[in-house]
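None of these values were measured; they are calculated from a predicted model. As a basis for the values below, the full set of heavy atoms in this structure was taken, side chains included, without hydrogen atoms, waters or symmetry mates. Chain letters run A, B, ... following the sequence lines, proteins first and then strands; every chain starts at 1.
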There are 2 protein chains.
Amino acid sequence: MNSTEQKKTNQKYYSKFTRIYVAVDCIIFGFLNNELKILILTRDFEPAMGKSSLIGGFVRKDESLDDAAERILYDLTGLENVFLEQLYSYGKIERDPGERVISVSYYALLKVQDLDHDHVEKHGARWCNIGECNELVFDHNDMVERALTRLRRRAKNQPLGFELLPRKFTIPQLQVLYEAIYQKKFDNRNFRKKLLAMNVLEKLEIKDKSTSKKGAYLYRFDKKRYNRFLEEGFLFDL
Amino acid sequence: MNSTEQKKTNQKYYSKFTRIYVAVDCIIFGFLNNELKILILTRDFEPAMGKSSLIGGFVRKDESLDDAAERILYDLTGLENVFLEQLYSYGKIERDPGERVISVSYYALLKVQDLDHDHVEKHGARWCNIGECNELVFDHNDMVERALTRLRRRAKNQPLGFELLPRKFTIPQLQVLYEAIYQKKFDNRNFRKKLLAMNVLEKLEIKDKSTSKKGAYLYRFDKKRYNRFLEEGFLFDL
DNA sequence: TCAATAGGGTGTCAATTTAACTCTAAATAT
DNA sequence: ATATTTAGAGTTAAATTGACACCCTATTGA
């Protein structure tokens with residue numbers, strides 16, 4: 001059997017089954033005004049026109065799931081090389097009242113200072129505080145909740161937090177971020193101690209004075225040290 | 001706009017997009033002969049006829065992803081109410097050479113003593129040791145690896161291990177299971193200590209003498225105590 | 001019947017890790 | 001110069017973890 005015949009046979013075999021619309025929905029996290037937020041938009045199409053939803057789109061026939069997620073993220077934000085991870089697939093029959101649609105959710109961590117806010121607003125998207133966006137369409141609230149759970153777990157074992165801050169950041173900034181993620185205060189001495197003990201930060205000789213008179217030293221995440229750290233099998237836990 | 005018109009509009013909107021075959025593949029774990037194994041089968045259809053693969057099938061239009069996974073598991077094993085959790089979705093364009101297929105993987109934990117082995121064999125499935133089934137079709141090896149990683153993580157934070165043993169089991173049995181899962185030895189005193197400290201086991205007044213002359217006490221997992229335990233926010237870690 | 005065997009069951013201690021805690025230093029604004 | 005504000009550092013007690021060795025019990029077969 002040659003390749004063409006092969007394909008024909010397959011298509012015949014597969015054609016007994018249903019094909020289904022597959023969508024990707026993104027939970028896009030950002031850290032603004034010392035708060036953890038996600039991007040949402042108001043739907044300008046049916047079903048559920050006028051309601052708030054996550055940013056999503058359909059998977060095209062010439063792209064993988066990951067590609068689709070990257071494309072959707074790029075279209076909205078203009079950003080590439082953003083932290084993006086698949087989360088969970090939602091497949092209830094009636095989850096989208098319009099049609100049978102399966103949705104694969106992804107969550108992204110943006111450095112908001114890289115963002116062109118006008119571009120985002122032009123697409124009708126806006127930032128919504130975690131915990132204040134409970135009125136999303138379909139099963140999007142479940143998606144957000146699952147994303148938060150995942151983020152909280154991941155941020156304990158991997159230095160994910162850095163993905164939400166500028167490349168250069170201070171330790172107090174990082175602490176505020178972690179406090180926003182976990183919704184609780186950390187002891188600053190212990191936070192600093194554990195963080196520096198991991199030895200994945202490079203201290204710069206510059207201070208950031210935007211938040212204090214004294215000024216706080218800037219640090220940079222050192223990916224090489226982090227990789228060494230992973231190979232040695234250590235665990236990151238704040 | 002009434003409901004029928006609504007649906008029509010949606011279909012028109014959605015119809016610009018591609019529909020895709022969606023499959024479910026199951027990584028079915030079992031504990032036999034003191035080893036952790038998974039069920040695989042030899043494909044009797046194209047593509048990749050004759051090669052080994054996980055157990056899978058296509059999602060039908062009248063069932064959710066979870067339903068499809070349960071159905072596939074039931075058809076092969078005749079079992080219901082089995083531990084089953086969604087794992088990850090695979091969406092590379094060429095992952096299945098026959099057609100564009102997206103696969104949502106699930107992993108299951110079977111109590112093998114509940115299993116009708118003839119029934120399973122009639123379906124052409126067989127048990128394969130973890131680590132000895134590296135020659136699976138498509139991306140199924142990735143699926144197995146991801147399932148193992150997940151199982152190892154979950155088994156630390158939830159008493160998942162019980163799902164792979166009979167309802168009544170001894171502590172040494174459980175330890176052997178955990179050693180098979182993590183591929184390392186545990187200290188039996190520490191294992192027992194931590195396990196019993198969680199207070200989710202009910203000790204029975206019967207001994208199992210199948211593995212020793214002295215006999216080991218049987219225990220039963222106490223779901224009520226476990227739920228209380230979860231509500232109090234404790235963590236299970238061996 | 002008694003000795004040997006094979007696996008089951010138990011407690012302590014040292015080392016490490018975690019969590020709680022308070023003050024001084026630096027820079028700016030008044 | 002003085003007041004204000006945030007950054008940054010070290011100690012100790014408590015809890016947790018991990019290492020470690022011996023006796024118990026039922027069976028088997030000499």
Between [N] atom [atom2] and [X] atom [atom1], what is the distance in whole Å?
X: A:Ile171; N: D:dA9; atom1: CD1; atom2: C1'; result: 12 Å
X: A:Lys194; N: C:dA20; atom1: NZ; atom2: C1'; result: 12 Å
X: A:Ile206; N: C:dA26; atom1: CD1; atom2: P; result: 20 Å
X: A:Phe191; N: C:dA20; atom1: CZ; atom2: C1'; result: 17 Å
X: A:Met198; N: C:dT18; atom1: CE; atom2: P; result: 12 Å
X: A:Gln175; N: D:dG8; atom1: CD; atom2: P; result: 11 Å
X: A:Leu196; N: D:dA7; atom1: CG; atom2: P; result: 14 Å
X: B:Arg189; N: D:dT17; atom1: CZ; atom2: P; result: 17 Å

Under-4.0 Å side-chain N/O to phosphate OP1/OP2 contact, [X] with [N]:
X: B:Lys193; N: D:dT17; answer: no
X: B:Lys209; N: C:dG8; answer: no
X: A:Arg192; N: D:dG8; answer: yes

- prompt: B:Ala69 and B:Cys26: which non-hydrogen atoms are nearest, and at how many Å?
  reply: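 Nearest pair, atom of B:Ala69 first, then B:Cys26: O-SG, 4.2 Å.
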task: Quick one: closest heavy-atom pair of B:Leu79 and B:Asp114, and the distance?
output: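 Scanning both residues completely, I find the closest heavy atoms to be CD2-O, 3.4 Å.
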field: Side-chain heavy atoms of B:Leu148 within contact of B:Leu36, under 4.5 Å
entry: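 In short, these two side chains touch, coming nearer than 4.5 Å.
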field: No-H, no-angle donor-acceptor pair, B:Lys207 side chain to D:dT27 base, under 3.5 Å
entry: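 For B:Lys207, whose side chain was compared with the base of D:dT27, there is no donor-acceptor pair (under 3.5 Å).
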message: With a 3.5 Å cut-off and heavy atoms only, can you find an N or O donor on one side and an acceptor on the other between the side chain of A:Asn190 and the base of C:dA20?
response: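 Present.
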message: Once pairs are restricted to Watson-Crick or G-U wobble with both distances under 3.5 Å, how does DNA chain D read as a dot-bracket string, [ ] for crossings and | for other-strand pairs?
response: ||||||||||||||||||||||||||||||
message: By the definition ring-ring contact (aromatic ring centres under 6.0 Å, His included), identify the one residue from A:Tyr219, A:Tyr226, A:Tyr178, A:Phe169 that meets it with A:Phe162.
response: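 Result: among A:Tyr219, A:Tyr226, A:Tyr178, A:Phe169, A:Phe169 is the only option passing the ring-ring contact (aromatic ring centres under 6.0 Å, His included) with A:Phe162.
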- prompt: Stepwise, does the side-chain hydrogen bond (donor to acceptor under 3.5 Å, both in side chains) test hold for B:Ser52 with B:Arg126?
  reply: CA-CA 10 Å; B:Ser52 296; B:Arg126 62 184 187 278; 2.9 Å; yes
message: Heavy atoms within less than 4.0 Å of DNA chain D: which residues of residues 212-221 of chain A have one? Give them sorted by number.
response: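 Only A:Ser212, A:Lys213, A:Lys214, A:Gly215, A:Ala216, A:Tyr217 qualify.
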message: Using a 4.0 Å heavy-atom cut-off, does B:Thr211 contact any base of the nucleic acid, only the sugar-phosphate backbone, or nothing at all?
response: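 Answer is sugar-phosphate: B:Thr211 comes under 4.0 Å of backbone atoms only.
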task: Can you establish whether the number of heavy atoms outside B:Gln113 located under 6.0 Å from its atom CD is more than 12?
output: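 Enclosed.
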- prompt: Under a 4.0 Å N-O cut-off, is there an ion pair linking B:Arg189 with B:Asp187?
  reply: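 Between B:Asp187 and B:Arg189 there is a salt bridge, with a charged N closer than 4.0 Å to a carboxylate O.
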message: Check this for me, if you would: do B:Arg150 and B:Glu85 make a salt bridge, where the nitrogen-to-carboxylate-oxygen distance has to be below 4.0 angstrom?
response: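 Between B:Glu85 and B:Arg150 there is a salt bridge, with a charged N closer than 4.0 Å to a carboxylate O.
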- prompt: Are A:Tyr88 and B:Tyr88 close enough that their ring centres sit under 6.0 Å apart?
  reply: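 For A:Tyr88 and B:Tyr88, the ring centres are not under 6.0 Å apart.
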